A.B. asks: 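For reference, the structure I am asking about is given below.
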Amino acid sequence: MSEKAILEIDGKKFEFPIIRGTENEVSIDIKSLRSATGGVITLDSGFKNTGSCKSAITFLNGEEGVLRYRGYAIEDLAENSNFLEVAYLIIFGNLPSKEQFVKFENDIKSESLLNEEIKNIIDGFPKVAHPMGMLSSLTSALTAFNPVTVDINSEKELYHAVVKILGKFPVLAAWAHSKNKGTPLNYSDNSLDYISNIMQMLFRIPTEKYRLNPITVEALDKLLILHEDHEQNCSTSTVRIVGSSEAGLFASISAGVSALWGRLHGGANQAVIEMLEQIEKDGGDVEKYILKAKDKNDSFRLMGFGHRVYKNFDPRARIIKSYADEVLKDLNINDPALKIAKHLEEVALKDEYFVSRKLYPNVDFYSGIIYRALGIPSEMFTVMFAIGRLPGWIAQWREMRLNHEPIGRPRQLYIGENLRKYTSINNR
Ligand code: ACO
């Protein structure tokens, strides 16, 4: 027997089907709401209760702190897989065979060269430009150099666009970093794996031999796996909604980069390290900042704390916290920020304000400490997040297209003026 939800408006009853997901999540299908009721809509600011799509990519249970990509636990993937293999899994649905993986990796490598004219665009940015702004612009500019990727009509065309963006995006990210530093723009080295290549593009200088450190490569690989997808978050929803108008993949991803930049989303990783530095400069008084975060008259929020969906430990934060310990120990780094972060977490998790609101550390709370240990400057933290999130954006865009989802176009409740008559400027 099919399940139904009943809605009563002005004494009239309307029935809507209940749809359950594979993990028994329950949704009310309100597709027919407007037509059945004569124009009634739902109002859900921030989409706190609204499912925008059906998706088979990522499962997240915020109450229990569970995160799975295509059915695999995040802990299992972070422990045993690598970034590119997980990217394949997320985008295409299954772990690749050896042959599929080699082809995927080689296809990406063969797309890692950028058009030299892109350097003219980089030249046009001021040296102080934020790398996220540059990355978003450059990703959008890629469309101009690859116009065939806009009108995608087959899986083959889609595959080409996917390997192109996976090949070129980290080069753009590294070039944005070089622009800030004033160092030469490094090319991709296709003899290296994806993550080692990112490291050499970020850090190699032509006057010295660059030696990869396996500890930093492994740490970055794991960090980026943890960032690969997170279902319908702000940037991913942006990518899907932009793509739903049939804008191209690169244009949609450029919009996703902009959405990620904000401090309440991916920009929080930079904000966390700046907050920890501020607390340290201020004498390390953690309690003072906890009080500020609780004060409703103070705009300060504990960055890296709280999450729209997790009302329990963010499983990614748990993994990253233990990596932070490991990586700093292996690299012999004593970062006071880690001590302050742990102290903040300890105090917050015992505080009634944070406990009652179920505010726990999120993915951004400890990630900056690892990035910093790898030599990545704070303004690049959100760029690293974007490199990590790229496969998720691609997978969600692809799913949206394959499911032939309609253009995303929410409704609104109008609360403005009723009809007014125009008066000429002389009579106002
Ligand atoms: N510090 C202090 N108070 C907080 C915090 C925080 N970090 N986060 C939430 N709260 C409080 C709110 O003031 C609110 O209190 P109230 O009920 O008394 O009004 C309550 O907790 C609920 O918070 P909302 O803002 O309504 O929750 P929402 O789901 O809209 O926001 C968000 C989630 C944006 C992540 C929020 O927790 C926040 O601003 N955190 C800090 C920024 C951050 O770390 N962002 C990264 C998130 S992870 C990611 O996007 C990759």
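Counting convention: from 1, in listed order, for ligands and their atoms alike. Model, not experiment: these values are computed from the prediction. Heavy-atom basis, side chains included; hydrogens, waters and symmetry copies ignored.
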A.B. asks: Between Phe300 and Lys292, is there a cation-pi geometry (under 6.0 Å to ring centre, at most 45° from the normal)?
C.D. replies: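 Yes, Lys292 lies over the aromatic ring of Phe300.
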A.B. asks: Enumerate the protein residues lying less than 4.0 Å from ligand 1, judged by heavy-atom distances, in chain and residue-number order.
C.D. replies: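 Within 4.0 Å of ligand 1, the protein residues are Lys48, Arg263, Leu264, His265, Ala268, Ala293, Lys296, Arg301, Leu302, Met303, Gly304, Phe305, Gly306, His307, Arg308, Tyr353, Arg357, Leu359, Asn362, Val363, Asp364, Phe385.
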A.B. asks: Hey, are Glu346 and Lys350 close enough for a salt bridge, meaning a charged N less than 4.0 Å from a carboxylate O?
C.D. replies: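 Between Lys350 and Glu346 there is a salt bridge, with a charged N closer than 4.0 Å to a carboxylate O.
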A.B. asks: Mark yes or no: Arg357 above the aromatic ring of Tyr353, with NZ or CZ under 6.0 Å from the six-membered ring centre and no more than 45 degrees from the axis.
C.D. replies: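 Output yes; distance and angle both within limits.
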A.B. asks: Can you label the angle between the Tyr159 ring and the Phe104 ring as parallel, tilted or perpendicular, going by 30° and 60°?
C.D. replies: tilted
A.B. asks: Can the positive tip of Arg318 be found less than 6.0 Å from the middle of the six-membered ring of Phe313, inside 45° of the ring normal?
C.D. replies: yes
A.B. asks: Okay, side chain of Asp314, backbone of Asn362: is any donor-acceptor separation there less than 3.5 Å?
C.D. replies: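 Such a contact is absent between Asp314 side chain and Asn362 backbone.
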